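What follows is one structure encoded as structure tokens, with my remarks underneath.
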Amino acid sequence: MSDNVRVRFAPAPTGYMHIGNLHTALFNWLFARKMGGAMILRIEDTDEVRSTPEALDVIYQGLKWIGLDWDEGPDVGGEYGPYVQSERLGIYQEYLDQLIEAGRAYECFCTPEELEERRQVMRARGIPPRYDGRCRDLTEEQKRKLREQGLESCIRFRVKETGTTVVKDIIQGEVTYENSLIGDPVIVKTSGFPTYHFAVVVDDQLMQITHVIRAVEHLPNTQIHLQLQEALGIEPPAYAHLPLILGEDRTKLSKRHGAVAVTDYEQQGFLPEAMFNFLVLLGWSPGDEREVMSRAQIMEAFSLEACDSSPSVFDVQKAEWMNGEYMKLMDGEDLAGRLLPLLQHEGLMEENPSAERREWLVGVVSLMKERARLLNTFVSWGRYFFTDDYEYENRARKKWLSREEVPERLELLAERLQLLEAWEHQSIEAAVRGLAEELGLSAAKVIHPCRAAVTGTTIGPSLFHLMELLDQNDVIGRLHRAAQLSRAGELEPGPEPESQ
RNA sequence: GGCCCCAUAGUCUAGAGGCCUAGGACUCCGCUCUUUCAAGGCGGCAGCACGGGUUCGAAUCCCGUUGGGGCCA
């Protein structure tokens with residue numbers, strides 16, 4: 001009765017969620033929300049070996065991080081539950097009986113060793129290896145004997161031997177498969193667990209899924225699913241197979257590509273909004289030249305038909321750029337809120353900062369966000385805001401801190417700054433420039449050494465604004481410290497290869 | 001190996017026969033602003049994989065080749 005869109009994201013709980021899974025989830029979610037439909041989360045744990053219960057949390061967290069929600073699932077329930085396949089074992093039996101009755105499923109007693117052996121033979125003879133149908137037509141008598149020998153059986157689905165199966169896919173178009181080319185797949189393992197093919201078909205039917213949106217690696221499997229559906233009298237859902245996300249080497253993104261887990265990107269300081277935006281642009285485009293788009297804009301423009309069928313490479317550099325764009329767009333207060341946990345984790349901010357201290361952080365963030373790409377940037381480039389314990393970079397040492405004339409300048413500047421009653425960027429600037437003038441130097445000749453001393457680096461935001469955010473005495477202390485170290489010859493540049 | 005899919009610069013993409021002298025973005029490289037650049041502004045390098053058709057006309061359609069990928073095992 002309902003022609004409402006229902007989609008599902010159906011991950012296997014293997015302990016981590018990678019960017020490709022998230023991409024699939026994202027497209028499902030977008031489509032569901034765009035169409036005013038329902039998003040279902042289903043856990044496909046029929047692979048007893050690889051599935052772990054702890055993995056559920058990883059899935060929830062990954063989805064929540066990027067801002068996806070679901071209407072039905074193991075945690076929120078729903079009227080088509082349970083939503084974990086291992087809890088649905090009884091449900092599959094009914095469908096299995098149906099297939100057996102129709103003569104489309106049968107017991108197979110072949111052992112893995114036998115199967116492997118026969119595969120070898122087929123290969124050697126140049127025949128594509130597939131199940132040869134040996135147990136297809138066993139008599140009751142034969143089965144009894146095999147059982148008496150103590151052999152275990154699995155159940156196979158009898159596929160069609162002739163004709164073709166056509167997958168009509170919203171993204172991939174019509175793809176035709178020759179039925180004679182596939183062997184009978186196992187649908188129930190000796191353990192009694194259904195296999196992926198069987199469980200998917202049954203569950204999608206029972207959960208009234210209207211659109212199966214998944215990665216294209218499942219496209220070849222779809223021919224089996226269609227045959228299974230036909231045998232069960234099930235109307236197939238619409239299919240949309242998303243192109244794969246590849247690593248730099250153009251192979252399917254996997255653990256060997258380094259950072260692929262969603263949590264890796266979270267830890268690197270990616271904003272979920274940016275990752276969402278970036279990911280949606282892999283395999284889809286609004287058709288115009290927009291790239292940085294709000295979620296509302298994306299949803300407005302989104303359609304499955306506009307998805308591309310060719311795979312795409314995950315380019316971290318562009319992802320970082322986009323993250324930077326989002327940081328610029330976000331107001332300082334929001335961004336400070338995102339950043340705080342990270343800073344606390346690094347021990348750079350106290351656990352319960354006062355309102356004043358938070359406000360100060362907003363100031364720091366506002367000053368830095370224009371040039372930062374990741375949240376982590378604040379920890380690395382912005383360390384000097386939070387602690388006196390920062391390094392003097394080689395470039396800073398070489399260009400300024402190791403110079404003979406510098407210590408005196410720093411000390412003179414410290415004296416001037418000490419006299420300031422108002423610690424504001426205007427007064428600081430006046431003091432710095434005033435000193436330069438008196439010494440007959442260009443302002444830069446004071447500014448640069450000062451930056452090097454106070455921040456340890458040669459680059460960063462406006463020096464005067466930055467100093468304003470630091471404590472006056474602290475700055476003075478830093479100037480004296482650098483002057484002393486410099487005189488002591490401790491700020492000589494390190495070994496060359498350091499610089500990049 | 002068999003089957004299937006894909007093919008616009010290093011990367012993400014626009015392009016659905018004439019609007020293409022192929023547009024945008026990232027990266028990279030210059031220049032510029034400035035107290036610095038890792039930010040801003042301006043500019044530049046770089047692409048329709050190849051070969052055949054079809055057509056008055058092809059990045060766009062067809063075939064083949066090559067390359068890449070996925071699935072099966």
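What you see is a predicted model; the values in this text were computed from it and never measured. In what follows, chains are A, B, ... by sequence order, proteins preceding strands, each numbered from 1.
Dashed line: the shortest gap from a side-chain N or O of A/Arg433 to OP1 or OP2 of B/U35 is under 4.0 Å. Checking the phosphate oxygens (OP1, OP2) of B/G67, no side-chain nitrogen or oxygen of A/Arg250 falls inside 4.0 Å. Within the 4.0 Å cut-off from OP1 or OP2 of B/G40, at least one side-chain nitrogen or oxygen of A/Lys328 is found.
Rounded to an integer number of Å, the gap from A/Tyr326 OH to B/A25 C1' is 14 Å. In this entry the distance linking CG of A/Leu466 with P of B/C37 reads 15 Å, nearest Å. Summarising the geometry, the separation between CG on A/Asp315 and C1' on B/C28 is reported as 12 Å, rounded to the nearest angstrom. Note: CZ (A/Phe464) to P (B/U35) measures 8 Å, nearest angstrom. Here the P atom of nucleotide B/A39 and the CD atom of A/Glu320 are 12 Å apart, to the nearest Å. Separating the CH2 atom of A/Trp321 from the P atom of B/A39 is a distance of 13 Å, rounded to the nearest angstrom. Atom CD of A/Glu291 and atom P of B/C26 are 7 Å apart (whole Å). Counting to the nearest Å, the P atom of B/G70 and the CD1 atom of A/Ile182 are 21 Å from each other.
For A/Gln426, the CD atom is densely surrounded, since the number of other residues' heavy atoms within 6.0 Å is greater than 12. Atom CD of A/Glu405 has more than 12 neighbouring heavy atoms from other residues, nucleotides or ligands inside a 6.0 Å radius.
Using N1 to N3 plus N6-O4 or O6-N4 for Watson-Crick, or N1-O2 and O6-N3 for G-U wobble, each under 3.5 Å, B/C31 pairs with B/G41. When both pairing distances are held under 3.5 Å, B/A14 makes no Watson-Crick or G-U pair with any nucleotide shown. The pairing partner recorded for B/C48 is none, the criterion being a Watson-Crick or G-U wobble arrangement whose two distances lie under 3.5 angstrom. Across all strands shown, B/U66 is found opposite B/A7 as a Watson-Crick or G-U wobble partner, with both distances under 3.5 Å. The partner of B/U60 is absent, by the rule that a Watson-Crick or G-U pair needs both atom distances under 3.5 Å. Across all strands shown, the partner of B/C71 is B/G2, judged by Watson-Crick or G-U wobble contacts whose two distances both fall under 3.5 Å.
Here A/Thr251 lies in heavy-atom contact (under 4.0 Å) with sugar-phosphate atoms only. Residue contacts for A/Gly287: at a heavy-atom cut-off of 4.0 Å it reaches the sugar-phosphate backbone alone, with no base atom in range. Across all strands, A/Gly173 comes closer than 4.0 Å to no nucleic acid atom at all (heavy-atom distances). Nucleic acid contact for A/Arg373: sugar-phosphate only, since backbone atoms but no base atoms lie under 4.0 Å from a heavy atom of the residue. When heavy atoms are screened at a 4.0 angstrom cut-off, A/Leu281 is found touching the sugar-phosphate backbone but no base atom. Counting non-hydrogen atoms under 4.0 angstrom, A/Tyr177 reaches the backbone sugars and phosphates but no base. A/Arg451 comes within 4.0 angstrom of a nucleotide base, judged by non-hydrogen atoms across all strands. Backbone-only engagement by A/Ser310 is indicated by non-hydrogen atom pairs under 4.0 Å involving sugar-phosphate atoms exclusively. Base contact: A/Pro461 has a heavy atom under 4.0 Å from a base atom.
Residues A/Tyr16 and A/Asn21 have side chains that never bring a donor and an acceptor to within less than 3.5 angstrom of each other. Using modelled atom types, one finds no donor on one side chain facing an acceptor on the other under 3.5 Å when comparing A/Thr165 with A/Gln223.
For A/Leu181, counting side-chain heavy atoms from C-beta on, the closest listed nucleotide (B/C37, B/C3, B/A14) is B/C3. Side chain of A/Arg119, nearest nucleotide from B/U36, B/A73, B/A25: B/A73.
Ranked by how close their nearest RNA chain B nucleotide is to the 5' end, A/Pro220 and A/Trp284 are led by A/Trp284. Taking for each of A/Val216 and A/Trp381 the nucleotide of RNA chain B with the nearest heavy atom, the 5'-most of the two is the partner of A/Trp381.
Rounded to a whole angstrom, the distance from the C1' atom of B/C29 to that of B/A46 is 11 Å.
Aromatic ring centres of A/His225 and A/Phe198 lie farther apart than the 6.0 Å criterion allows.
The shortest distance between side-chain heavy atoms of A/Cys135 and A/Cys110 falls below 4.5 Å.
We find that A/Arg295 and A/Glu300 are not joined by a salt bridge, their nearest charged nitrogen and carboxylate oxygen being 4.0 Å or further apart.
A donor-acceptor contact under 3.5 angstrom links the side-chain atoms of A/Ser462 to the base of B/U35.
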